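Okay, structure first, notes after.
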Amino acid sequence: MSGVKARSWIKVKEFVGLPKRDDFEIVEKELPALKDGEFLVEGLWNTVDPYMRSNELSNKLGSPMPGGQVAKVTQSKDKNFAVGDVVLGPFGWTSHSICDGPASLMKIIKLDPTIPLPQSTALGILGMPGATSYFGLLDICKPIKEGETLLVNAAAGAVGSAVGQIGKIKGMRVVGFAGSDEKVAYLKSLGFDAAYNYKTIPSLEAAIKESCPNGVDAFFDNVGGDFFDTVLRQMNTFGRVSVCGAISQYNALEPRKGIDVSSITLIVKQLKIEGFIVTRWLDQWQGAFKEMAQWIQEGKLKYRETVFEGFDSMYDAFVSLFKGDNIGKVVVKI
């Protein structure tokens, strides 16, 4: 068995500024025959996510780019995985992968065929971004009472749009910021109480004061930089801040100097500011997805995908994240 040629996107240069096409090469190699306990998967859907831009978090030079993939088992010598099974795994930017049997049980999840949602949602609303939204809001920002104000930036992305909707489900007043009028309209269609195009407003501080007249109780930050500083100055006493990402800083050529919010502000307002990586709750993901799937079926939680077609479009899909082209989750249909 096997005799399959796998294509992979290999990182050949460290990223400087916005990743360039010549930072990657597509290589092809023939995969060996399967050993007992192994199985072969063929990619169906790939994800691209902002964290992949980090030279610290992406794979070393000469290695395939990392990332989740929905794939179909096409050959198997493993009793736990049958031909035709559809699985989610950390296969990266590659067309085919051989999985090492028992070790794979710790990192590969079979998709539940009874969930009436597209397979691609395992990379988005019912995948890592969805879990990020769920736990980053509910475990860190922790809605306390109905009517609290939640502010979300990069709010039209896969994470931000889910955060805002979960906030509404929990009775919060939600304000979102995004990068185009189309995205603002999308946020309003999701039920956000207020939404702004941060690129066209005269003053971010004025927009926050207008939309959050009673201050900000919870802040889910995907952007960092000056945006982070500005919101902190509008936080209420005992405010909670979930630091999820810093997309405004990923392609910066020079490191940004420290925040200009006084430490006294943090002390006097007794703010809780916590960064996180969502795998800390990995053993709780399936329970969260079950609840989120129910919300989707009830019409309380909506999602949107930006789909790129074909394995060769991985780079275009990736850089679209940093150009603000996408609404919702960016996925690649292989």
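What you see is a predicted model, and the numbers here were worked out from it, not measured in a lab.
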Assess whether atom [atom1] of [X] is packed by more than 12 heavy atoms of other residues, nucleotides or ligands within 6.0 Å.
X: E25; atom1: CD; value: no
X: K302; atom1: NZ; value: no
X: E146; atom1: CD; value: no
X: K29; atom1: NZ; value: no
X: K269; atom1: NZ; value: yes

**Report entry** Proximity of Y315 and F308 rings by center, below 6.0 Å
**Finding:**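 That pair fails the under 6.0 Å test.
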Query raised in the report: For R53 and F318, what are the C-alpha separation, side-chain angles and deciding distance, and is it a side-chain contact (heavy atoms from CB on, under 4.5 Å)?
Result: CA-CA 9 Å; R53 164 59 184 79; F318 181 43; 4.2 Å; yes
Report task. Applying side-chain contact (heavy atoms from CB on, under 4.5 Å), run through W45 and V332 and close with a yes or a no. Result -> CA-CA 6 Å; W45 295 89; V332 177; over 6 Å; no
Between [X] (side chain) and [Y] (backbone), is there a donor-acceptor pair under 3.5 Å?
X: N326; Y: T306; result: no
X: S211; Y: A207; result: yes
X: E38; Y: K35; result: yes
X: S180; Y: K183; result: yes
X: S8; Y: P64; result: no
X: Q165; Y: S161; result: yes
X: N236; Y: G239; result: no
X: S54; Y: Y51; result: no
X: R240; Y: C141; result: yes

Report task. Start with the C-alpha gap between V12 and L61, add the side-chain angles, then the distance that decides, and say whether side-chain contact (heavy atoms from CB on, under 4.5 Å) holds. Result -> CA-CA 5 Å; V12 295; L61 295 183; 5.8 Å; no
Query - Stepwise ring pair (Phe, Tyr, Trp, His ring centres under 6.0 Å) check, F192 with F177 - result: CA-CA 10 Å; F192 279 59; F177 287 82; over 10 Å; no
Query raised in the report: side chain to side chain donor-acceptor pair (under 3.5 Å) between E291 and Y134: does it pass, once the steps are laid out?
Result: CA-CA 10 Å; E291 183 171 24; Y134 185 96; 2.5 Å; yes
Euclidean distance, [Y] [atom2] relative to [X] [atom1], rounded to 0.5 Å:
X: D36; Y: K79; atom1: CG; atom2: NZ; result: 12.0 Å
X: K272; Y: F238; atom1: NZ; atom2: CZ; result: 13.0 Å
X: F311; Y: I26; atom1: CZ; atom2: CD1; result: 6.0 Å
X: T121; Y: I125; atom1: OG1; atom2: CD1; result: 8.5 Å
X: I166; Y: L301; atom1: CD1; atom2: CG; result: 6.0 Å
X: S63; Y: I10; atom1: OG; atom2: CD1; result: 7.0 Å

Query raised in the report: Are N46 and W93 close enough that a side-chain donor and a side-chain acceptor fall under 3.5 Å?
Result: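 No - no donor-acceptor pair under 3.5 Å links their side chains.
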Query raised in the report: Do you see a donor-acceptor pair shorter than 3.5 Å between the side chains of T47 and D49?
Result: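 A donor-acceptor contact under 3.5 Å links the two side chains.
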If you look at every heavy atom in [X] and [Y], which pair is closest and at what distance?
X: R304; Y: Y186; value: CB-OH, 3.3 Å
X: I98; Y: P32; value: CD1-O, 3.4 Å
X: S133; Y: V159; value: OG-O, 3.0 Å
X: Q119; Y: L44; value: OE1-CD1, 3.6 Å
X: V241; Y: L232; value: CG2-CD2, 3.7 Å
X: Q69; Y: T94; value: NE2-O, 2.7 Å

When you compare the side chain of [Y] with that of [X], does any pair of heavy atoms fall below 4.5 Å?
X: C99; Y: V41; result: yes
X: Y303; Y: K329; result: no
X: V27; Y: R7; result: no
X: L123; Y: V70; result: yes
X: T230; Y: I208; result: yes
X: F219; Y: M235; result: yes
X: I109; Y: Q286; result: yes
X: L151; Y: F220; result: no

Should [X] and [Y] be regarded as members of a common hydrophobic cluster, given that ILVMFWY residues are connected when their side-chain heavy atoms come within less than 4.5 Å of each other, either directly or indirectly?
X: I144; Y: M172; result: no
X: L282; Y: L126; result: yes
X: V243; Y: W281; result: yes
X: V231; Y: V184; result: no
X: L34; Y: L31; result: yes

Under 4.0 Å between a side-chain nitrogen and a carboxylate oxygen: does that hold for [X] and [Y]?
X: D193; Y: K168; value: yes
X: K72; Y: D85; value: no
X: K5; Y: E42; value: no

Report task. May I ask you to check if K110 and F81 form a cation-pi contact, with NZ or CZ under 6.0 angstrom from the six-membered ring centre and within 45° of the axis? Result ->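 Positive - K110 is close enough to the ring of F81 and near enough to its axis.
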Query raised in the report: Relative to Y196, does K199 satisfy both conditions: NZ or CZ under 6.0 angstrom from the six-membered ring centre, and within 45 degrees of the ring's axis?
Result: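 Negative - K199 is either too far from the ring of Y196 or too far off its axis.
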Query raised in the report: Could you walk me through whether E305 and V330 pass the side-chain contact (heavy atoms from CB on, under 4.5 Å) check?
Result: CA-CA 6 Å; E305 295 176 335; V330 177; over 6 Å; no
Requested in this report: Under the salt bridge (Lys or Arg N to Asp or Glu O under 4.0 Å) rule, what do K11 and D23 come out as? Steps first, then yes or no, please.
Outcome: CA-CA 6 Å; K11 179 182 176 183; D23 292 336; over 6 Å; no
Query raised in the report: Can K142 and E148 be said to form a salt bridge (Lys or Arg N to Asp or Glu O under 4.0 Å), step by step?
Result: CA-CA 11 Å; K142 290 186 176 178; E148 285 191 312; over 6 Å; no
Report task. Apply salt bridge (Lys or Arg N to Asp or Glu O under 4.0 Å) to K188 and E182, showing your working. Result -> CA-CA 10 Å; K188 291 180 178 178; E182 180 187 8; over 6 Å; no
